[in-house]
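Heads up: the structure comes next, in structure tokens.
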2 protein chains.
Amino acid sequence: MDEAQVERVQIERVRRFNRTVTERVGALNDRYLGRERPIGAARLLWETGDGGRDVRELRERLELDSGYVSRLLRSLENDGLVTVERQQRDRRVRTVRLTEAGRAERAALDSGSDELAGSLLEPLNPSQRARLVDAMAEVERLLTASTVTLETVDPDHPDAEYCLRSYFTELQERFDSGFDPALSLLPDAGELRLPRGLFVVARLHGEPVGCAGLKLPSGAPAEIKRMWIAPRARRLGLGRRFLAELEARAAEKGVRVLRLDTNKTLDAAIALYHSAGFQEVPAFNDEPYAHHWFEKRIAPPHGTTG
Amino acid sequence: MDEAQVERVQIERVRRFNRTVTERVGALNDRYLGRERPIGAARLLWETGDGGRDVRELRERLELDSGYVSRLLRSLENDGLVTVERQQRDRRVRTVRLTEAGRAERAALDSGSDELAGSLLEPLNPSQRARLVDAMAEVERLLTASTVTLETVDPDHPDAEYCLRSYFTELQERFDSGFDPALSLLPDAGELRLPRGLFVVARLHGEPVGCAGLKLPSGAPAEIKRMWIAPRARRLGLGRRFLAELEARAAEKGVRVLRLDTNKTLDAAIALYHSAGFQEVPAFNDEPYAHHWFEKRIAPPHGTTG
DNA sequence: ACCATTCTCTGACTAGAGTCAGAGAATGGA
DNA sequence: TCCATTCTCTGACTCTAGTCAGAGAATGGT
């Protein structure tokens, strides 16, 4: 079976999956079922949560028109499910709170979706249930992985800064010796900005969940720096995706050798570098926090000769 | 972790799966995406198919109001996507056919959902893709399994008859010697009807996909007869479910021993009987098509003593 | 004190998705 | 031939889920 055929078959299977699942799962989001309340109102009720929430926050989260939200709130208010009152600090803002009845209704929505989930499991025997749940977790993990997007950003971008802060914090915790940025060979932001380099962040639902930088010194091998992946985005193949992305970007610039250094405590990273075709080489710099140095020869991009 | 906790965790996982999947898969049925056409019209276009279809058939399949379908068809007709004309045989009935443009539109819907499926796979590497597709197949299979319902019916019910016909046809094909019902010890319908027995059919989306009968001779062990599962419903754990159901029903009637006979060519069934706790015993009847005889002692139902 | 901005609300719309009652033509069986 | 039934269509509704423009109050910065 050639590549195109594999793709055909896989796409067909994904489509069958979509049909079966949407049919069985009840099409819409699982939280809003079984009550006679319209979905919009149910979503609002859900998103308000037990602690209450500002109207503008609701609007933003659910991406609804302000007039529409206002009307929905009015109807929930009339049904006695929420109260809406001015915020103390900023009296333009209004805060929504669930009443006792509202909390009950929200709990009912919750148990409705428990029931749906239960009804999927009920006809199965224990071993089938375990297999279903495992397969669902696998599908979910991989669909999440396929939702992660990579984008090149400026190293000063807030998302980049968030990732770098998280990266340093994590190094501090993991390294036996702690981590002091002042002692390390850190590239300044300019080195990770075109034309001297680049910086890529990964996002999941708009939130930054990882980063990787590439230094492109002219006439020398390119160097991967500051690769970090948020705990919740691990085990999604994101490290491999970063490497592939940086390798492709480097190849485009005519780079033929990629290198990087790493600390001995970062086992997952070390395993990744090995399996991605990097060879361990003698130290090529005097980074005090590095114990391993890697190098990989890369192929020129498609459609290029030499 | 006790049973209730396992259930809690499993239900929570199923709900998470539902959230992720409906969000990522685009909520509605995967066929009707990306065109500016309303869903109703798109469904109609899809369901009409290349061969054309009667209006009433469309109405039935999609479970839509007749007035509504009529209006949708009028709009598709105005857009030049379908023609609607009277059926020759019954001039009340009208038949919908796709025009050239309609076929093109339908194909576009099709490729739209290919694209959706492709976009789920695209960010993944080949091994992740394979894992995703496998896990989807597993989820789909088990969700299908959980959609199958069991119902006790009269052996003369059309669904029962359909299953029995299929069962005999299959025996004829599989047995080395063929199968002639006249030579076999077949219970008559009365023996599979209360109080002398019972008959259960399995259905998937309303269609019969399996059956099993139970003879309940007074003062003798109960006997399982005519268990059959349609090819498309195999490997869903349905055989085990039938056995569990019949065993429970027999136990309710005070039966303490269950037995059955089977042909040597039915390997899957033989393996099932072994793994469900049946012991092979000497022949207890002279069924000419049987090579193996099984027996199982069963426990009295819950809440019963003795 | 002024003014642009922010936040919420109201009113006036639109489109999709569907329900319900009944009209009119065709059909099939007594 | 008559009449109940079947099939489709039309007209008159409803409800959900929005969008858009603008009004009015509160706020923050100058």
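Within every chain, numbering begins at 1; the chains are lettered A, B, ... in the order of the sequence lines, protein sequences first and strands thereafter. Just so it is clear, the values below take in all heavy atoms, side chains as well, and ignore hydrogens, waters and symmetry mates. Worth saying up front: this structure is predicted, and the values here are computed from it rather than measured.
Separating the CZ atom of Arg74(B) from the C1' atom of dG11(D) is a distance of 15 Å, rounded to the nearest angstrom.
Mapped onto DNA chain D by nearest heavy atom, Arg89(A) and Glu63(A) fall at different nucleotides, with Glu63(A) at the one closer to the 5' end. Comparing Arg86(B) and Gly40(B) by the nucleotide of DNA chain C whose heavy atom lies nearest to each, the residue mapping closer to the 5' end is Gly40(B).
The nucleotide whose nearest atom lies closest to any side-chain atom of Ser70(A) is, among dT10(C), dC7(C), dG18(D), dT10(C). Listed nucleotides dC9(C), dT19(C), dA26(D) differ in distance to Asp65(B); the shortest reach to its side chain belongs to dT19(C). Taking only side-chain atoms of Arg59(A), from C-beta outward, the nucleotide of dT8(D), dC7(C), dA26(C) with the closest atom is dC7(C). The side chain of Val84(A) lies closest to dC9(C), out of dC9(C), dT27(D), dT27(C). Comparing dT8(D), dT8(C), dA17(C) by their closest approach to the side chain of Val55(A) singles out dT8(C). Of the candidate nucleotides dT19(D), dC7(D), dA17(C), dT19(D) has the atom lying nearest to any side-chain atom of Tyr68(A).
The side-chain heavy atoms of Leu72(A) and Arg43(A), taken from C-beta on, include no pair separated by under 4.5 Å.
Residue side chain Ser66(A) reaches the base of dC9(C) through a donor-acceptor N/O pair under 3.5 Å, judged by distance alone. A donor-acceptor contact under 3.5 angstrom links the side-chain atoms of Arg92(A) to the base of dT6(C).
Between Arg94(A) and the phosphate of dC7(C), there is no side-chain N or O to OP1/OP2 separation shorter than 4.0 Å. For Arg71(A), no side-chain nitrogen or oxygen approaches OP1 or OP2 of dC9(C) to under 4.0 Å.
Base contact: Gly67(A) has a heavy atom under 4.0 Å from a base atom.
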| query | Going through the distances and angles, do Leu62(A) and Tyr68(A) end up as a side-chain contact (heavy atoms from CB on, under 4.5 Å)? | reply | CA-CA 11 Å; Leu62(A) 298 173; Tyr68(A) 186 35; over 6 Å; no

